[in-house]
Amino acid sequence: MLIGEEIQRILYRMESKKNKDKSNNKDSKDISKSKDKRFRKHLSLSSVMTYVVVCLVFVACIVGVVVFAHMYRNSVEQNAITNSDQVVTQVENMITNYIDDMSGIMEMVRLNMNAEDEEKNDFFLNLLYIRKDVEAITVHSGDGGMISCWSKGNTLKEHIKNNLSYTKLENDELFISAPHVQNIFKDYYPWVVTFSQKIKSDGDDSAQVSMDIRFANMASYVDAVGIGTHGYCYIADKDGNIVYHPQQQLIYAGLKEEQSDNIRNYDDGTHTENGIIYTIHSLDNCDWRIIGVSYVDELIESKVAGMIRVVLFVAVMVILATVLTGSVLAKTFSKPAKQLAAAMRRFVREAESFEFYPVEGTEEIEALSDSFGQMVLQIQELMDKVRNEEITLRKTELSALQAQINPHFLYNTLDSVAWMCEVGRTGEAIEMVNSLARLFRISISKGHELITVDQELQHAECYLKIQKFRYKNQFNYSFKVDESLKGYLCNKITLQPLIENSLVHGLDMSEEGEILIEVYEDGDDIVMAVSDNGVGMTEEQCEEILRKDVNRKSGIGIKNVNDRVKIYFGDKYGVTISSELDEGTRMELHMPKILEENYEM
């Protein structure tokens, strides 16, 4: 519609201008004006329109290049800052989580210091065996003398000079040392970080316990992180002293240096100095800071310069194309232009059902007609795309909910593991930790929503093993699976919410419960069923379960499972629940048979 109206306005102005020129030719006596009018009189409408269009396009290109260059540079700079911040945040989260984990272990060490000698020795040896990153646990008196030491079979030196793992503490707070070489054993010098805290040992309030943690885990993660081609991250304390640097050898050799004095005065956030972007995050649980270093020339200037060259080239091509195509503008636009404008108005009113029929006329009008037809198709495709993106957004929301790791489940599981370790049931503890690790590994599944039925069954079995340990064997479970169906795909984490419902709402733990997991085919479909012999549910309770978005214990409700299956495979698939009070509950999940080679992950 706007194109047709613009054409009409231009035609009207050109016609008015031509009439005005004719009138002026009759009244004017000035020779220079007469020559100018004779010159204008010979200008064709197509030429005038070409000049106008070329001028407009040229001005628009110049303004567009300037505005685009400014906006593109700001966008690239913001993207560079965001990327740097994300990388530093990842490093911060990893190190924070690792320190929190070690702090929890340190608290367990302190609590076990007052246990009986045999029980204490068993606990520390089991801890050293399970946690490969714990190198040694030592107890020192107030004057620095070593009272006790637990290690992985290393031989303690008879005379230790300048014990780097000991730092005299002034208060009861947890102290984390800088990375250093452990020098208390013969022929064994690992790179460690020491966690130290005061304890009460045999009435000595000044005694302290130290735990040496291998620093290689944190160092390898920092080494692997890169920002752009040459950017990196390193760790410093709040005074600007470098704790760890991936290019530490170059710094020690004097071949590289960091602006520690300036960086020390920077607050958390992003700062730019001398063409270098510094992104700084402070850790909450110690006095370390994560510092990301990236370079403006590498991340911004080269990209902006390259894009400006491309835009200028495109602008020149557009201007040349405008000059060439403007010379063939038609003299008669009125009727076909109105038809095209009317088609545009109809499209605005009824975009979804609109069908466009090409307008016949001059070559230019037909070109506009074809372009409009393509635009109609593209807009209608975009409308379909928006609808599909709404479905994709729902998938993303469900996947985000599914990806949550419930802290209560993890805490209870780890608490059970700790209790088993304390009572000496290390075999069961190891089996429980292995099941937990396998459960999370399958849950991640490299980001894929669909996994094989076999993997889903393994995930369910890991979950059942963990729960059986936690509920102290108050229920039994069994699998009845058609082996030929294990290679087909299904949504991940579908059986666990169904099983959890049986544990939470179905089984009466005062009596021995039974859970049966079945997988069988139903024509071209697969049915995964979970049955229990519990107390059963009313019809209202069954409906309520299918309405809940989130299960307060697992984090993933049965409605989540039902929605994901329907989104991926259609409304005829999903979860059905049948139950009778005092008899039990059966939940069935229907999905189609899909092989991995026939489905794009």
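If you're wondering where the values come from, they're calculated on a predicted model, not measured in any experiment.
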Please name all residues satisfying side chain to side chain donor-acceptor pair (under 3.5 Å) with [X], sequence neighbours left out, ordered by chain then number.
X      : answer
Tyr188 : Glu135
Asn491 : Glu449
Lys465 : none
Lys157 : Tyr189

Chi angles and distances behind the side-chain contact (heavy atoms from CB on, under 4.5 Å) call for Met218, Ile213:
CA-CA 10 Å; Met218 286 187 280; Ile213 308 299; 5.8 Å; no
Report yes if the side chains of [X] and [Y] come closer than 4.5 Å at any heavy-atom pair, otherwise no.
X      : Y      : answer
Met146 : Tyr166 : no
Thr270 : Ser84  : no
Arg289 : Val243 : no
Lys468 : Asn473 : yes
Ile99  : Phe195 : yes
His140 : Asn163 : yes
Thr155 : Phe185 : no
Ser502 : Ile515 : yes

Looking at every non-hydrogen atom in both residues, tell me the closest pair between [X] and [Y] and how far apart they are.
X      : Y      : result
Lys152 : Arg214 : NZ-NH2, 4.2 Å
Met528 : Thr494 : CE-OG1, 4.4 Å
Ser165 : Ser210 : O-OG, 3.7 Å
Cys490 : Glu456 : SG-CB, 3.7 Å
Leu457 : Leu495 : CD2-CD1, 3.8 Å
Leu156 : Ile184 : CD1-O, 3.2 Å

Tell me if a side-chain donor or acceptor on [X] pairs with a main-chain N or O of [Y] at a distance below 3.5 Å.
X      : Y      : result
Gln208 : Thr167 : yes
Asn501 : Pro497 : no
Asn97  : Asn93  : yes
Asn562 : Ile558 : no

Aromatic plane relationship, Phe479 with Tyr477 - under 30° parallel, 30 to 60° tilted, over 60° perpendicular:
perpendicular
Given the rule in the side-chain contact (heavy atoms from CB on, under 4.5 Å) test, do Val109 and Trp150 qualify, once you have shown the distances and angles that lead to the verdict?
CA-CA 12 Å; Val109 169; Trp150 293 267; over 6 Å; no
Mind checking side-chain contact (heavy atoms from CB on, under 4.5 Å) for Leu250 and listing every partner two or more places apart, or none if nothing turns up?
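For Leu250 the side-chain contact (heavy atoms from CB on, under 4.5 Å) partners, ignoring immediate neighbours, are Gln247, Leu255, Lys256.
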So which pairs with a foot in [range] pass salt bridge (charged side-chain N to carboxylate O under 4.0 Å, His left out), sequence neighbours left out?
range            : answer
residues 237-248 : none
residues 416-438 : Arg425-Glu428
residues 99-116  : Asp101-Arg131, Glu107-Arg110

Is there a side-chain contact (heavy atoms from CB on, under 4.5 Å) between Ile567 and Arg564? Walk through the geometry before answering.
CA-CA 5 Å; Ile567 286 174; Arg564 282 190 288 130; 5.8 Å; no
Which residue pairs satisfy the side chain to side chain donor-acceptor pair (under 3.5 Å) criterion with at least one member in residues 171-185, sequence neighbours excluded?
His180-Thr194, Gln182-Asp212
Could you tell me the separation between the [atom1] atom of [X] and the [atom2] atom of [Y], rounded to the nearest 0.5 Å?
X      : Y      : atom1 : atom2 : answer
Arg441 : Leu436 : CZ    : CG    : 10.5 Å
Ile451 : Ile442 : CD1   : CD1   : 6.5 Å
Ile545 : Met537 : CD1   : CE    : 3.5 Å
Leu439 : Leu464 : CG    : CG    : 10.0 Å
Cys233 : Tyr221 : SG    : OH    : 9.0 Å
Ile290 : Gln90  : CD1   : CD    : 12.5 Å

Output every pair passing ring-ring contact (aromatic ring centres under 6.0 Å, His included) with a member in [range], not counting sequence neighbours, ordered by first then second residue.
range            : answer
residues 232-251 : Phe215-Tyr244, Tyr232-His245, Tyr234-His245
residues 265-284 : Tyr266-His271
residues 81-114  : none

Given the rule in the side-chain contact (heavy atoms from CB on, under 4.5 Å) test, do Leu127 and Ile137 qualify, once you have shown the distances and angles that lead to the verdict?
CA-CA 10 Å; Leu127 175 61; Ile137 300 171; 3.8 Å; yes
Assess, by modelled atom type and distance only, whether the side chains of Thr452 and Asp454 contain a donor and an acceptor separated by less than 3.5 Å.
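No, because no side-chain N or O of Thr452 sits under 3.5 Å from a partner of the opposite role on Asp454.
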For Tyr129, is the OH atom crowded, meaning more than 12 foreign heavy atoms sit under 6.0 Å from it?
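Count not over threshold, so no.
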